[in-house]
Amino acid sequence: MKQSILHLDLDTFFVSCERLIDSRLLKRPLLVGGLSDRGVVAACSYETRKFGINSGMPMKLARQLCPEAVVIRGNSSTYTKYSHMVTEIIKERAPVFEKASIDEFYVDLSGMDKFFGCYQYASEMRQQILKETGLPISFGLSQNKIVSKVATGEAKPNNQLQIDYGFEKQFLAPLSVRKLPAVGKKTYQTLINMGVERIKTVQEMPLELMTSAFGANGKTIWKRANGIDNPPLIPFHERKSISTERTYDRDTIDMDKLRTTIVAMTENLAYQLRRGNKLSCNVAVKIRYSDFNTYTKQKQIAFTSADHVLVPTVLELFNNLYNRRLLIRLVGVKFSHLVSGNYQINLFDDTEEMLDLYKAMDHIRNRYGESSIMRAASLGAKTIGRFHNPFSGEPPIVLAHRKQ
């Protein structure tokens, strides 16, 4: 049976959501992201593209390139709400689908040609999304995920494109190699230095040459260029780690401020572990100095989700890591090697009062919000919070901050 894989992508998703809320933003250059000079462009409207602006660019540079642009900080809960609306429509109509990011979906329509016609069915699904949400959306349809994703990029904005079976190589050949998933900036520059600008050139190159130049990634690029890479759909995303970072508006050496931020991060992540019935045995701390040098230190511990174990471990790692006495630009905390399970009581250190305290605090957070109760040591960092369940099976919202 021939595969039919549909790729759906909401066009400039954050921008589209803001325009739904405020129609005055229609057809105006719009930037969504951090408002400070340290902020990053999370999404930009098509009107800003002609100025050379793209997602991931420093907001300060974007403002210089397009001074007349409207800048909005954005609201993750708003974007999550609209994403769920689209997800529910797809869930009702699709036999198997993968939510690759907050604004990107893959749907397996294999075998549906016998009943509806895959292209017609995909078109009807897209029209339903447009009608019920008001969000512009594009799709590509082909025999695999990679070709469909590239087709969606060619269909944008707010359009659709089908690549018939057997015409994958012909469709890909004239396109830039930069449009292939797995070709990042460094790989693209290496290919350009080799004289490779179009996918057609990769199609004509021996597989051995690509493998010798790029290793295992070279084989992936070659298969994708030839339209024969066929990764499976992943209906559920199992989180292997959770993390959070904070970039300061101004570089700081205030140790009280740094430790307050780290404790608040740790407390929040520990709550997420307990809420998701997860335990971690690997703790990592990350710092970035004002000269952009970044360092990470990690430590293996017994599986836990308890604040009183994780907070001292994180502070110990930070104290060992911070040794240059330079201003700090960013700090981050990460818990990895996650497994399912409830907190294991320590026979010698834990008390009934402390366990009851965790239950009471988590109950308050579940009912009134994550920031409704916190340790005194975290009071200086009230804005830290995830505000969504990281173990819901959906990908992190940060994935939407890629180039759109």
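Residue numbers count from 1 along this sequence. Predicted model, so just to flag it, every value in this text is computed and none were measured. Computation of the quantities below employed the complete heavy-atom set of this structure, encompassing side-chain atoms and omitting hydrogens, waters and symmetry-equivalent molecules.
Residue Arg324 holds its CZ atom at 11.5 Å from CD1 of Ile253, rounded to the nearest 0.5 Å. The line from NZ of Lys156 to CG of Asp9 is 3.5 Å long, rounded to the nearest 0.5 Å.
A donor-acceptor contact shorter than 3.5 Å is absent between the side chain of Asp229 and the backbone of Lys223. Between the Ser138 side chain and the Asn159 main chain, a donor and an acceptor come within less than 3.5 Å of each other.
Counting only N and O atoms by type, the side chains of Gln120 and Glu124 include a donor and acceptor under 3.5 Å apart. In summary, the side chains of Tyr289 and Thr294 do not present any donor paired with an acceptor at a separation below 3.5 Å, with no hydrogens or angles considered. Looking only at atom types and distance, the side chain of Ser123 has a donor-acceptor partner in the side chain of Gln160 under 3.5 Å away. For the 3.5 Å distance criterion, the side chains of Lys99 and Thr87 qualify, holding a donor opposite an acceptor. With 3.5 Å as the limit, one finds a donor-acceptor pair spanning the side chains of Gln3 and Asn230. Defined by atom type and a distance below 3.5 Å, a donor-acceptor pair is present between the side-chain atoms of Ser148 and Ser142.
Ion pairing of Asp108 with Lys145 is absent here, as no side-chain N (NZ or NE/NH1/NH2) approaches a carboxylate O to less than 4.0 Å. Using a 4.0 Å cut-off between a side-chain N of Lys or Arg and a carboxylate O of Asp or Glu, Glu316 and Lys299 qualify as a salt bridge. Taking a cutoff of 4.0 Å between a charged side-chain nitrogen and a carboxylate oxygen, Glu197 and Lys179 do not qualify as a salt bridge.
Aromatic ring pairs are classed by plane angle as parallel below 30°, tilted from 30° to 60° and perpendicular above 60°; the pair His7 and Tyr106 is tilted. Using the six-membered ring where Trp is involved, Phe105 and Phe97 have ring planes that are tilted, between 30° and 60° apart.
Taking all atoms of both residues into account, the shortest heavy-atom contact from Thr133 to Ile129 is OG1-O, 2.6 Å.
A cation-pi arrangement is present between Arg49 and Tyr46, with the terminal nitrogen or guanidinium carbon under 6.0 Å from the aromatic centre and inside a 45° cone about the axis. Relative to the six-membered ring of Phe318, Arg259 misses at least one condition, a distance below 6.0 Å or an angle of at most 45° to the axis.
Between Ser83 and Phe13, some side-chain heavy-atom pair lies under the 4.5 Å cut-off.
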> So Glu104 and Lys149, salt bridge (Lys or Arg N to Asp or Glu O under 4.0 Å) or not? Walk me through it.
Replying inline: CA-CA 10 Å; Glu104 186 179 12; Lys149 183 177 176 68; 2.5 Å; yes
